[in-house]
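Scope of the values below: all heavy atoms of this structure, side chains included, with no hydrogens, waters or symmetry mates.
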Amino acid sequence: PLFRSCEMGESELEEEAERLSRSVVEEGQVHTEIEQFLKQHQEDLTAQVEYWMNKHEKDVQMKQDELDALKSARDNDMVRLKELTDKYNEYEEVVVDDRIQKEKERRRAEQEALQARAATRVQAWWRGIMVRHQLGPYSKKKKKGKKSGKKGKKGKK
């Protein structure tokens with residue numbers, strides 16, 4: 001009985017050892033496959049990281065180029081704006097000077113018209129005085145020569 005139980009125990013232990021040995025081999029294969037999978041996954045992730053870093057650098061460079069172009073365009077626009085502002089200010093000054101000159105001319109013309117009306121009134125007043133008092137060319141002059149009783153022109157019959 002002891003021998004049988006030992007034989008049974010030994011055969012069970014050998015089976016157990018065989019099973020564990022297969023399990024160890026199987027675990028070794030699984031471990032190797034997992035290790036290969038993880039290495040491949042790590043390589044893929046490293047490649048993706050490199051891709052995204054390169055893409056990021058390209059995108060940043062592209063945006064920096066766009067920004068530089070926009071800054072350059074803005075600087076050019078600012079220079080153009082300054083030029084146009086200066087030109088506008090010059091033209092505005094010319095327009096203001098012209099308006100001032102026209103206003104002066106209008107006032108001078110008004111003053112001349114006022115003086116002309118005043119001179120006409122003074123001349124009319126003076127002529128009225130001369131006529132009323134019969135002075136100068138408006139005085140009654142005695143006619144020299146004979147008075148004839150005929151009215152009309154001579155030589156017609």
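In this structure, Ile129 CD1 and Gln134 CD are separated by 13.0 Å, a value rounded to the nearest 0.5 Å. Atom CG of Asp59 is separated from atom CH2 of Trp52 by 8.5 Å, given to the nearest 0.5 angstrom. Separating the CG atom in Leu81 from the CG atom in Asn76 is a distance of 12.5 Å, to the nearest 0.5 Å. Distance check: Gln29 CD to Glu27 CD gives 10.0 Å after rounding to the nearest 0.5 Å. Interatomic distance, Arg80 CZ to Leu84 CG, rounded to the nearest 0.5 Å: 4.0 Å. The NE2 atom of His31 sits 10.0 Å away from atom CD of Gln36, with the distance rounded to the nearest 0.5 Å.
Residues Arg99 and Lys102 are not in side-chain contact: their nearest non-hydrogen atoms beyond the backbone lie 4.5 Å or more apart. Contact annotation: the side chain of Glu90 never approaches that of Val94 to less than 4.5 Å [non-hydrogen atoms, C-beta and beyond].
Between the side chains of Glu93 and Asn89, not a single donor N or O lies within less than 3.5 Å of an accepting N or O. With hydrogens and angles left out, the side-chain atoms of Asp97 and Gln101 include no donor and acceptor closer than 3.5 Å. Between the side chains of Gln48 and Asp44, not a single donor N or O lies within less than 3.5 Å of an accepting N or O.
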Check: Could you walk me through whether Arg108 and Glu105 pass the side chain to side chain contact (heavy atoms under 4.5 Å, CB included) check?
Finding: CA-CA 5 Å; Arg108 186 190 60 75; Glu105 181 65 28; 2.2 Å; yes
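Linking ILVMFWY side-chain heavy atoms closer than 4.5 Å, directly or via other members, places Val122 and Val131 in two distinct hydrophobic clusters. If you chain together hydrophobic residues whose side chains sit under 4.5 Å apart, Leu45 and Leu38 never meet in one group. With hydrophobic clusters built from ILVMFWY side chains whose heavy atoms lie under 4.5 angstrom apart, Val96 does not share a cluster with Tyr91.
Taking a 6.0 Å sphere around CD of Glu92, one finds it holds more than 12 heavy atoms contributed by other residues, nucleotides or ligands. The number of heavy atoms from other shown groups lying within 6.0 Å of CE (Met62) is above 12.
Between the side chain of Ser23 and the main chain of Arg19, no donor-acceptor pair closer than 3.5 Å is present. A donor-acceptor contact shorter than 3.5 Å links the side chain of Thr120 to the backbone of Ala116. A distance-only check finds no donor-acceptor pair linking the side chain of Ser72 to the backbone of Asp68 [under 3.5 Å].
With respect to Lys39 and Glu35, a salt bridge is recorded, a charged nitrogen being found less than 4.0 Å from a carboxylate O. Salt bridge annotation for Lys71-Asp75: absent, with no cationic side-chain nitrogen under 4.0 angstrom from a carboxylate oxygen. Checked for salt-bridge contact, Glu66 and Lys63 meet the test: a charged N lies under 4.0 Å from a carboxylate O. Taking the charged nitrogens against the carboxylate oxygens, Arg106 and Glu110 do have a contact shorter than 4.0 Å, which makes a salt bridge. Under a 4.0 Å N-O distance rule, the pair Glu103/Arg107 qualifies as a salt bridge.
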